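Right, one structure below, let's go through it.
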Amino acid sequence: MIDAYETAFLRRAVELAAEARAGGNPPFGSLLVGPEGTVLAEERNTTVTERDISLHPELKLAVFAARELDPTTAAATTMYTSCEPCQMCTGAIQRSGLGRIVYALSGEQLESIKPPSTPRAPATEGPHLLDEARVPVDGYYG
Ligand SMILES: [Zn+2]
């Protein structure tokens, strides 16, 4: 359970979600709060207005954290977000070094509110070409 201090940040995320919707985008918003309790960045979903499927607020903030925060600060930074991050954003957040996520709606709760949708997984095939494909990778990681 989060306290009143953190609830205020989560309410701001919900407010950002409403702003995203008012601006013609899906209703999602997020913010980063640093170790000193300072709001470091805020984002709204802009996937419709910018015609870019990757512009979820959580992904934008993960990119911001990886680019702008040192690892110690990132690890001590919390993302407050109006909804539990999707798989795309979760992957980016894991790579960003951010230390903590606090969300309002769960993914499951979101699914119960909106009309049902079934994401289509593409057909994937592999692995192939091991001898060739390993050449640019060999030695890269030390
Ligand atoms: Zn997402």
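Residues take their numbers from the sequence shown, with the count starting at 1. Each ligand, and each atom within it, is numbered from 1 in the order the structure gives. From a predicted model like this one, the values you see are computed outputs, not experimental measurements.
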Legend entry - Tally of protein N, O or S atoms, where distance to the Zn ion (ligand 1) is under 2.8 Å: 3
Inset, instruction - Quick one: closest heavy-atom pair of T47 and N25, and the distance? - result: N-OD1, 3.4 Å
Legend entry - Option from Y103, F9, Y5 for which ring-ring contact (aromatic ring centres under 6.0 Å, His included) with Y80 holds: F9
Inset, instruction - Specify the closest pair of heavy atoms between E58 and C83, including all atoms of both residues, with the distance to one decimal. - result: OE2-O, 3.5 Å
Inset, instruction - Check P27 against R21 and note the closest heavy-atom contact, atom names and distance. - result: CB-CB, 4.0 Å
Inset, instruction - Drop me the distance from R134's CZ to L129's CG, to the nearest 0.5 angstrom. - result: 13.0 Å
Inset, instruction - Find the distance between OG1 (T77) and CG (L40) and round it off to the nearest 0.5 Å. - result: 5.0 Å
